[in-house]
Structures are given as structure tokens and as C-alpha cells.
Amino acid sequence: MTVTEIPRPADPVLPEPTLRIGGESMSASDGGTYTSINPADESVVVDVAAATAVDVDRAVANSRAVFESGVWSQMPGSERGRILAHAADLIEADAENLAALEALEMGKLYRDSVIGDMPVTAATFRHFAGWADKITGQTTSLPDFAGQHRFGYTLREPLGVVGAITPWNNPAVIAGWKLAPALAAGCTVVVKPAEDASLSTIRLVELLTCAGFPAGVVNVVTGRGPIAGAALAGHPGLDKITFTGSPRVGRGIQPLAGDKFRSMTLELGGKSPQIVFPDADLDAALPWIAMGNFYHQGQVCAAGTRVLVHESIADEVAARLVAIAESAVIGDPCDETSTMATIVNGRQLENILGYIETGRSEGAQLLTGGSRVDRPGFFVQPTVFRGTNEMTIAREEIFGPVATIITFRDTEEAIAIANDTRFGLNAMIYTSDLSTAHSVIPRLRVGSVWVNGWGVPEPHLPWGGREGSGTGRELGMSGVTAHTQEKTVHLAF
Ligand SMILES: NC(=O)C1=CN([C@@H]2O[C@H](COP(=O)(O)OP(=O)(O)OC[C@H]3O[C@@H](n4cnc5c(N)ncnc54)[C@H](OP(=O)(O)O)[C@@H]3O)[C@@H](O)[C@H]2O)C=CC1
Ligand SMILES: CCCCCC/C=C/C(=O)O
């Protein structure tokens, strides 16, 4: 858990809580709204426009027209890069306001957001700014044929119009992960943020406008998942859909590739193992293991909630993890002293408490935590269980601060337990012997591995899962190519 002292922020400036289509701010076509709630005290933040299917049609049509106009897709890559880099500067300059919006609407610890999420969001735009003029194809000579000299090359062209559906847990970061590579590639984007956290995305798109993105290159349809989200996910006018969220919704989106067989990236969370070998440096490892469970109250898809510990050190790891959990200062997201804040909403809190109850009833040993914090808002104690990999708390994504310690006897058993899950997003390995790490890495069925640490994805490296954690990659070079398509040219002379 973080300890850097950051002063309490000023109240954020709320962006106009409306749709943004073609550079215009507008209400929903039927005037509908939903209410954004502050999870720290359950007060109303603001009513936000709830897009209808008609609004989504309008947004996609505008994005298509803007894409086809070439104003962005044909702009020289160096110029696109300049605008993306300017956006990164503006995000950095607005970091305190963006972070305060996320604390207000979704309960993320302001400190973590201002020193983590917003620099990461800016870094993402800066990274992809560098890609914008480096998206190239291949060239090759070909054997002469029928008296002709021949030569071949490929073009990498932008995919077109992208629909991006984002979750509430790290709204600016994840919007940045979806927007920046798509924009670097020359695509236009319609983004639908989560109901529980729309404001930072609206503000982010305002900043993009200030940075020089032409009107309509990024449109925003705030709205309800089953209405605006479903209309966007199934829209025939899209060339790609990119979604981060629950497996339930992801499964519903997957069949919507449609007759165009359009491209799809689905990031659906995880139940990731943190494997602690007996030679691990526990002083160094424990803060990471704890962070992998309690950072942002465990509301992170990459959380390492299955703590697989060699039996010889399990008691020590358990005692140390409990001590860290019990040292948490649970409080208002903006208080300087808080090290943990609130769960995003009451439904999510009930879900977490339900899993804790299931853990108890299935016989897991509750080492600490397990209860709602007695104050207004949706606060829950960091919780540590000792259990087995068969228990529900070790099989399902809880999306709360709930760790389960599971012991293993040897490396083979550690690998077997790590892979015994329907998810495959990421895994962590703690060892002092890199040869142990290198022998285990190829055998883990996951998209990413961290050795001697837990962290969040880097813009420079691909991110995505296998199996139940989804399909496709965002970030890094893979993030760019995922927003392009190749055209092969055969040239005779
Ligand atoms: N992989 C990850 O990072 C995340 C995983 N999760 C997992 O999902 C669980 C539930 O969280 P929740 O926010 O409800 O996740 P959802 O999957 O419901 O929401 C993610 C996004 O999808 C939208 N959406 C909802 N229904 C549809 C639909 N039918 N078609 C298209 N889009 C839709 C949501 O809109 P709206 O907000 O308006 O409903 C939101 O923008 C968590 O407990 C956690 O386990 C959640 C968030 C992130
Ligand atoms: C320090 C920045 C925190 C960003 C966390 C990103 C999480 C992504 C996810 O849960 O999908």
C-alpha cells in the first residue's frame, strides 16, 4: 500500500455530463439520464446523459464520416503524433482534476490516481505518439515472372471506426489504452464509459479536443450498458470492438463479430496466482503481494488474489500479509492519511461480502478482515483467507480486497494450481533464482508474467489474456497493429 503524502485535492470541475458527438455536446435523444453517486458517502454527484440506440447510431455515423473524410486517417503520422503528444501534456497538466473526478465518482484513492493513473494515462498517449509515424509495412523482391521484374510491399492501413467499451475501475487509464493506439493508427473511436465512472472520460475527450484532435475523431456516448453499450457492441458500422469488463458481458459481445468478421479485443479479468517460492526475498515480496490484493480495494483485473505459497513459508507469509492488511487506513478517497478507500457501489460491495460469506461457509480459514466498515459509503476490510484452490473464493473473480493463501509442496504442484483456473490473464513469481523463474514462465497459461513484483501493464508492452480472460492484445506494438490491416501490393515493371 502506498504511503506518499499528497494534499487533499480541491473539488474537481465537473465536465458537462453530456454526449460528445462531432465536437458537439448534447443530451440524449430522449432526454434520459442516469445518476452518478459518490460511493464514499452515497451522495449524488450529477445526472449524466444516457445515450439511446439512436444516439449510438448518430455517433457511429459521425465517426464513419470523419474517418472517411481523411481528416485524421490521412493526416501525416508525424502530425498525428504531435497531437497525441500534446494530449499527453494536457493530461499531465490536468492530472489533479482528473484524479479528483475519479475519487469523487468511483472512490479510487486520490493519491494512487494522481501519482499512478494519470501519469500512466499521459505516458500511454506519449508512447503511442511515438508510433504514429512508424506504422510501416514490409518490402520484398520477387522472382521475375513471364518476362516481368517484380517487387512486393505491404501497407498498414487504419482499421476504421472503433467502438470502445470501458469499465469503471480505472476509467482514464483504460480509455487511454483503447484510444491512444487506435488514434495513432489513424482510426476514429466511439467510446462508452461505465455508468459508475463517466466523468473522467468526458474530461479526457475535452482535453483531446484542446490538443487538436479534429471534431468527431473521438465521440463519447455515456449511457447504460444494456442500452448504449449493447447498441455500440452490436453496431454494424464498426470495424473493431474493444471491451474491458466482466466475462458475462464479454461473452455476450463475442458473437457480435458480424458478417464483416470485425476485429475484437476482449479483456475480461482474472484470478491470477502469485507464486511464492521458498527462496523468495520476503521483505521485498510482501509489499508487492499485498499491493496485488489490496491496491484499489482489489478492483483490478490483474489482481493476484491466489497467493500460492510454498508450505515451508506459508505461516510466515500469512502472518505478514495479515499484518499489512491490518495496518490499512480505510477512509475517504481524498484524505491524505487513507491507504484504502471505497468499493465502487453497493452492488459490488454486496457481491464481495457474499464471496466472503461463501469462503467461510466452504471452510476457508478467515485470518483477518471479512466485514463491511461501519460508516456511510461502501467500505470493506482487507481480507485474508487460507484455503484451497477448489473453493469459490479461489475460482471466481471477486473484484474486492480478498486474498486466498494456498500452499504447495513443490514446483510441479505450484504450476498445476496456477493453471487450474478458467482465467489466464497474468501471474506473478517470487524467487531469488532466475532459473526457477525462467523454467516456470513458459508453463504458465497466461498473457503476462511479473517476476519479483506486481504491477500494472506498461504502455510499451502488450497486455491481454488467454482463455476466460479474453482475446487480443492492447498496448505496445501489438496495440498498434491491432488497429491496422495489411494490404499487399504486387508490382511488375
Ligand atoms: N477486466 C476488468 O478490468 C474488469 C472486470 N470487471 C468484472 O466484472 C464484474 C462486474 O463489473 P461491471 O461494471 O458490472 O462490469 P460490466 O462488464 O457490466 O461493465 C463493463 C462495461 O460494459 C458495459 N456493459 C454492461 N452491459 C453491457 C452490454 N450488455 N453490452 C455492452 N456493454 C455493456 C458497462 O456499462 P455500464 O457501466 O453502464 O453497465 C461498462 O461500460 C466485476 O465484479 C469484475 O469481476 C469489471 C470491470 C473491469
Ligand atoms: C497506476 C495505474 C493503475 C492502473 C491500473 C490499470 C488496471 C487495469 C485493469 O484492471 O484492467
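One-based numbering, in listed order, for ligands and for the atoms of each.
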Notebook entry, point to check: Looking only at protein heavy atoms, which one is nearest to atom 23 (C) of ligand 1, and how far off is it?
Noted result: Ile165 CG2, 3.7 Å

Checklist line | Identity and distance of the protein heavy atom lying nearest atom 7 (C) of ligand 2 | finding: Asn170 ND2, 3.2 Å

Next item on the list: Run down the list Pro167, Ser198, Ala197 and name the one with the heavy atom closest to atom 48 (C) of ligand 1.
Entry: Pro167

Next item on the list: Quick one: do Trp168 and Phe399 satisfy ring pair (Phe, Tyr, Trp, His ring centres under 6.0 Å)? Show the steps, please.
Entry: CA-CA 12 Å; Trp168 45 264; Phe399 235 57; 5.4 Å; yes

Check: Considering only protein heavy atoms, which is closest to atom 35 (O) of ligand 1, and at what distance to one decimal place?
Finding: Lys192 NZ, 3.1 Å

Notebook entry, point to check: Backbone or side chain, does any N or O of Gly225 fall under 3.5 Å from an N or O of ligand 1?
Noted result: yes

Next item on the list: Pull out every atom of ligand 1 sitting under 4.0 Å from any heavy atom of Cys301, numbered as shown with elements.
Entry: 1 (N), 2 (C), 3 (O)

Item checked: Note: Arg422-Glu467 ion pair, threshold 4.0 Å (strictly below) -> no

Check: Do the non-hydrogen side-chain atoms of Glu396 and Lys271 ever get within less than 4.5 Å of each other?
Finding: no

Note to self: If I apply the N/O under 3.5 Å rule, does Gly269 come out as touching ligand 1?
What the structure shows: yes

Item checked: Arg347 neighbourhood, listing ligand 1 atoms whose heavy-atom distance to it stays under 4.0 Å -> 14 (O)

Next item on the list: For atom 11 (O) of ligand 2, grab the closest protein heavy atom and report residue, atom and distance to one decimal in Å.
Entry: Cys301 SG, 2.5 Å

Check: Does a side-chain N-to-carboxylate-O contact under 4.0 Å join Arg375 and Asp41?
Finding: no

Notebook entry, point to check: Is Gln381 reaching over with its side chain to a backbone N or O of Ser371, donor-acceptor style, under 3.5 angstrom?
Noted result: yes

Next item on the list: State if His296 counts as touching ligand 2 under the rule of any non-hydrogen atom under 4.0 Å.
Entry: no

Next item on the list: For ligand 1, note which part of Thr166 has a heavy atom under 4.0 Å away: side chain, backbone, both or neither.
Entry: backbone

Check: Do any nitrogen or oxygen atoms of Thr244 lie less than 3.5 angstrom from nitrogen or oxygen atoms of ligand 1?
Finding: no

Check: What do you think, any protein heavy atom under 4.0 angstrom from atom 37 (O) of ligand 1?
Finding: yes

Notebook entry, point to check: Any idea which part of Asp117 is under 4.0 Å from ligand 2, heavy-atom wise: side chain, backbone, both or neither?
Noted result: both

Notebook entry, point to check: Please state which protein non-hydrogen atom is closest to atom 17 (O) of ligand 1 and give its distance, to 0.1 Å?
Noted result: Ser246 OG, 2.6 Å

Next item on the list: Check step by step if salt bridge (Lys or Arg N to Asp or Glu O under 4.0 Å) holds for Asp283 and Arg320.
Entry: CA-CA 9 Å; Asp283 290 342; Arg320 286 181 170 214; 2.9 Å; yes

Next item on the list: Please could you name the atoms of ligand 1 that Arg224 approaches to less than 4.0 Å, counting only its heavy atoms?
Entry: 38 (O)

Note to self: Among all protein heavy atoms in this structure, tell me which lies nearest to atom 8 (C) of ligand 2, with the distance rounded to 0.1 Å.
What the structure shows: Trp177 CH2, 3.5 Å

Next item on the list: Below 4.0 angstrom from a heavy atom of Leu268, which ligand 1 atoms are there? Numbered from 1 as shown, please.
Entry: 1 (N)

Check: Any idea which atoms of ligand 1 are less than 4.0 Å away from a heavy-atom of Gly223?
Finding: 38 (O)

Checklist line | Pairing of Asp239 and Arg64 as salt bridge, 4.0 angstrom limit | finding: yes

Item checked: Nearest protein heavy atom with distance in Å, relative to atom 18 (O) of ligand 1 -> Val249 CG2, 3.6 Å

Check: What about Asn351: any of its N or O atoms under 3.5 Å from an N or O on ligand 1?
Finding: no

Check: Of the backbone atoms (N, CA, C, O) and the side-chain heavy atoms from C-beta on, which set of Phe399 has a member under 4.0 Å from an atom of ligand 2: side chain, backbone, both, or neither?
Finding: neither

Next item on the list: Would you mind checking which non-hydrogen protein atom is closest to atom 22 (O) of ligand 1, with the distance to 0.1 Å?
Entry: Phe243 CE1, 3.2 Å

Next item on the list: Please write down residue, atom name and distance for the protein heavy atom closest to atom 31 (C) of ligand 1.
Entry: Gly229 C, 3.2 Å

Next item on the list: Using a strict 4.0 Å threshold on nitrogen-to-oxygen distance, state whether Arg20 and Glu206 make a salt bridge.
Entry: yes

Next item on the list: State, with a plain yes or no, whether a side-chain heavy atom of Val66 is found less than 4.5 Å away from one of Ser63.
Entry: no

Checklist line | Heavy-atom side-chain proximity of Met26 to Ile21 below 4.5 angstrom | finding: yes

Margin query: For atom 43 (O) of ligand 1, what is the closest protein heavy atom, and at what distance to 0.1 Å?
Written below: Gln348 NE2, 2.9 Å

Note to self: Under 4.0 Å from a heavy atom of Trp168: which atoms of ligand 1 are those, numbered in the order shown and with their elements?
What the structure shows: 11 (O), 12 (P), 13 (O)

Margin query: With heavy-atom distances below 4.5 Å as the criterion, would you say the side chains of Ser200 and Glu105 are in contact?
Written below: no

Check: Below 4.5 Å, heavy atoms only, C-beta onward: do Thr383 and Leu367 meet side chain to side chain?
Finding: no

Check: In terms of atom number and element, which parts of ligand 1 are under 4.0 angstrom from non-hydrogen atoms of Ala230?
Finding: 30 (N), 31 (C)

Next item on the list: Salt-bridge test for Arg360 and Glu357: reply yes if a basic N is under 4.0 Å from a carboxylate O, no otherwise.
Entry: yes

Margin query: Below a 4.0 angstrom heavy-atom separation, can you tell me which part of Trp463, side chain or backbone, both or neither, approaches ligand 2?
Written below: neither

Next item on the list: Can you sort out which atoms of ligand 1 are near Glu267, meaning under 4.0 Å from one of its heavy atoms?
Entry: 1 (N)

Margin query: Check Arg224 with Glu195, please: is the shortest side-chain N to carboxylate O separation under 4.0 Å?
Written below: yes

Notebook entry, point to check: What part of Asp112, side chain from CB on, backbone N/CA/C/O, both or neither, has a heavy atom under 4.0 Å from ligand 2?
Noted result: neither

Next item on the list: Record the part of Glu195 in heavy-atom contact with ligand 1 below 4.0 Å; permitted values are side chain, backbone, both and neither.
Entry: both

Check: Heavy-atom distance to atom 4 (C) of ligand 1: which of Tyr34, Tyr355, Phe399 wins?
Finding: Phe399

Item checked: Identity and separation of the nearest protein heavy atom to atom 45 (O) of ligand 1 -> Glu397 OE1, 2.9 Å

